[in-house]
Amino acid sequence: MSSLPSSVDVAIIGAGAAGLGAAHALKDCGLSVILLEARDRVGGRGYTVQAAPGVIFDVGCGWLHSADRNSFVAIAERLNFEINRELPPWRERAFGKAFPQQQRAEFIGALDDFFERIHEAAKGGVDHPADRYLEPGNRWNPMIDAISTYINGCELDQVSILDLDAYEDTNINWRVRRGYGAVMAAYGAALPIAFNCNVTLIDHSGKRLRIEMSQGTLSADKIIVTVPTNLIADETIRFFPALPAKRDAAAGLPLGLADKVTLLLAEPEALPKEGNLRGATMRTDMGTYHIRPFGQPCIEGFFGGRYAQTLEDAGDGAIAAASIDEIVSFLGNDFRGKLTPLRESRWAHDPFARGSYSHALPGHAGDRAILAAPIDARLFFAGEATSPDFFSTAHGARDSGERAAREVLAVLGGR
Ligand SMILES: Cc1cc2nc3c(=O)[nH]c(=O)nc-3n(C[C@H](O)[C@H](O)[C@H](O)COP(=O)(O)OP(=O)(O)OC[C@H]3O[C@@H](n4cnc5c(N)ncnc54)[C@H](O)[C@@H]3O)c2cc1C
């Protein structure tokens with residue numbers, strides 16, 4: 001924890017992946033830099049906890065998506081984190097009878113066809129809501145929508161096809177044995193961070209920038225803003241004079257919702273390591289379950305979109321209760337006594353996130369570039385939502401922080 005100076009060259013607001021990426025890029029440039037973080041920890045939406053002895057749980061990001069192009073892979077390795085390169089269990093490694101192989105193959109075929117139609121449509125350059133490309137009457141449509149709630153944090157009617165198509169998925173997804181959030185914590189360890197600093201106002205009316213926060217005020221030459229879009233859209237963090245174009249761009253890129261739960265599993269050897277469990281539920285309101293990740297004695301559940309919101313709104317423990325009910329419906333009543341809730345996320349209720357990851361509303365794919373653009377060569381913007389191709393991810397966030405830092409250095413004459 002750094003003591004708070006009254007004036008700095010560069011203030012970075014938020015010590016999530018983007019803020020950490022920006023701070024690293026400015027580290028040896030001879031500038032005074034401080035990260036202002038509202039929480040009492042680094043990592044933001046990257047957060048690893050020891051949920052029980054032998055159960056490490058990433059409450060937020062867990063997968064190194066597009067791992068062959070993911071800048072956190074080299075960082076994790078440099079920091080001595082073991083990378084697990086086994087492919088995810090999402091498509092193969094199905095467990096149980098709840099979703100028989102033949103139906104699963106049909107579903108995956110329908111899903112692939114749907115994404116191909118989106119890709120073709122996006123070539124036309126005209127934006128539409130993604131649900132328009134569901135095949136009318138296809139019985140898998142509700143479950144394709146469920147996949148959207150995992151990928152986008154929302155149902156397809158809220159998703160821009162141009163944005164969806166701009167995302168660069170190399171289909172290589174790896175993990176970090178000790179947790180993605182733990183990598184971020186190590187990556188941020190030596191940086192100048194002031195914790196419990198909730199920034200409420202950025203005053204850019206004067207010659208120097210002035211920051212109002214829970215711990216007083218600070219002046220800066222340059223500011224890099226990395227807070228999640230929902231906080232800019234809701235004006236939880238305000239600008240003076242107001243920046244309506246930024247607020248509107250942030251509103252066009254809302255954070256959808258994804259939540260996770262981990263359940264302790266008694267007699268774990270009865271189930272395979274790294275299995276995937278889900279049902280042919282024909283519903284959008286469904287969880288997907290990862291059995292014994294890394295062989296740990298637990299099952300992780302994943303929920304998205306309106307269903308996740310409904311469960312969060314139902315209060316603490318509702319996600320765990322719903323997942324136990326669903327798992328029992330797949331595996332039998334014996335499992336009720338074998339599962340104990342350990343930890344669940346509530347990202348919509350987290351005051352410094354208000355959601356999980358950004359998606360562009362139909363007609364708003366261009367908002368990412370608007371949000372990313374600097375103002376007056378002294379206010380700079382980063383965060384996952386500003387990434388042109390890796391939005392919604394941790395590495396996209398980190399790279400955007402580095403990009404904003406380069407913009408700062410370019411203004412300062414290439415220091
Ligand atoms: C459940 C879930 C699963 C996910 N799974 C994956 C995954 O598998 N792979 C992947 O790559 N990504 C995943 N993500 C997304 C990934 O975690 C985020 O895209 C990424 O961490 C965002 O980084 P960021 O720096 O842009 O924002 P954040 O991490 O949100 O950082 C912003 C920081 O700003 C701080 N802040 C907010 N307001 C203020 C204020 N007023 N003053 C000061 N500080 C403030 C916040 O506390 C936070 O620390 C997941 C996210 C969730 C929630």
Side-chain angles (χ1 to χ4, degrees), residues 11-23 34-48 57-67 70-72 88 150-151 153 167 169 173-176 179-181 183-184 188 193-202 211-215 223-232 234-238 253 255-261 290 300-304 308 319 344-348 350-359 371 381-387 390-401 404:
I12 301 168
I13 303 178
L20 299 180
I34 189 139
L35 282 140
L36 303 173
E37 170 54 54
R39 302 177 197 268
D40 59 3
R41 61 169 180 83
V42 298
R45 285 172 269 163
Y47 183 35
T48 304
F57 178 52
D58 269 315
V59 185
C61 56
W63 291 94
L64 293 153
H65 290 312
S66 298
N70 185 318
S71 55
F72 266 121
Y150 310 146
I151 297 175
Y167 180 76
D169 188 355
N173 301 283
W174 295 340
R175 279 172 297 164
V176 187
Y180 208 155
V183 172
M184 289 193 202
I193 307 178
F195 291 108
N196 304 307
C197 264
N198 184 5
V199 173
T200 51
L201 179 75
I202 296 171
I211 297 170
E212 284 184 15
M213 55 197 168
S214 49
Q215 295 194 10
I223 295 177
I224 301 178
V225 180
T226 77
V227 304
T229 50
N230 285 359
L231 302 179
I232 297 175
D234 298 349
E235 301 193 276
T236 306
I237 183 163
R238 287 187 307 117
L253 304 167
L255 264 58
L257 186 58
D259 274 312
K260 291 162 84 172
V261 62
H290 189 159
E300 264 186 36
F302 201 95
F303 299 82
I319 295 177
E344 66 188 31
S345 65
R346 290 167 60 75
W347 287 104
D350 179 323
F352 304 119
R354 297 198 181 170
S356 300
Y357 29 84
S358 70
H359 59 95
L371 187 63
F381 292 82
E384 54 88 5
T386 68
S387 169
F390 287 137
F391 47 83
S392 78
T393 70
H395 63 290
R398 200 213 67 87
D399 296 354
S400 76

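Each ligand, and each atom within it, is numbered from 1 in the order the structure gives. Being a predicted model, the structure only gives us computed values, none of them experimental. Atoms considered below: every heavy atom in the structure, side chains included; atoms not considered: hydrogens, waters and symmetry mates.
Here the straight-line distance linking atom CG of D350 with atom CG of N230 works out to 11.0 Å at 0.5 Å rounding.
In this structure, E384 contributes its side chain and S392 its backbone to a donor-acceptor pair below 3.5 Å.
The ring-ring contact (aromatic ring centres under 6.0 Å, His included) check on H395 picks up F390, with sequence neighbours excluded. When the side chain to side chain donor-acceptor pair (under 3.5 Å) test is applied to D169, no partner is found at least two apart in sequence or on another chain.
A distance limit of 4.0 angstrom between heavy atoms and ligand 1 selects the residues I13, G14, A15, G16, A17, A18, L36, E37, A38, R39, G43, G44, R45, V59, G60, C61, G62, W63, H65, C197, N198, V199, T226, V227, P228, L231, A258, K260, W347, F352, S356, Y357, G383, E384, S392, T393, A394, A397.
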For residues 57-64, please give each side-chain donor-acceptor pair under 3.5 Å, one per line with the distance, not counting sequence neighbours.
| unit_1 | atom_1 | unit_2 | atom_2 | d |
| --- | --- | --- | --- | --- |
| D58 | OD1 | T48 | OG1 | 2.5 |
| D58 | OD1 | Y180 | N | 3.2 |
| D58 | OD1 | G181 | N | 3.1 |
| D58 | OD2 | Y180 | N | 2.9 |

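By the 6.0 Å contact criterion, CZ on R238 is open, its count of non-hydrogen atoms from other residues, nucleotides or ligands being 12 or less.
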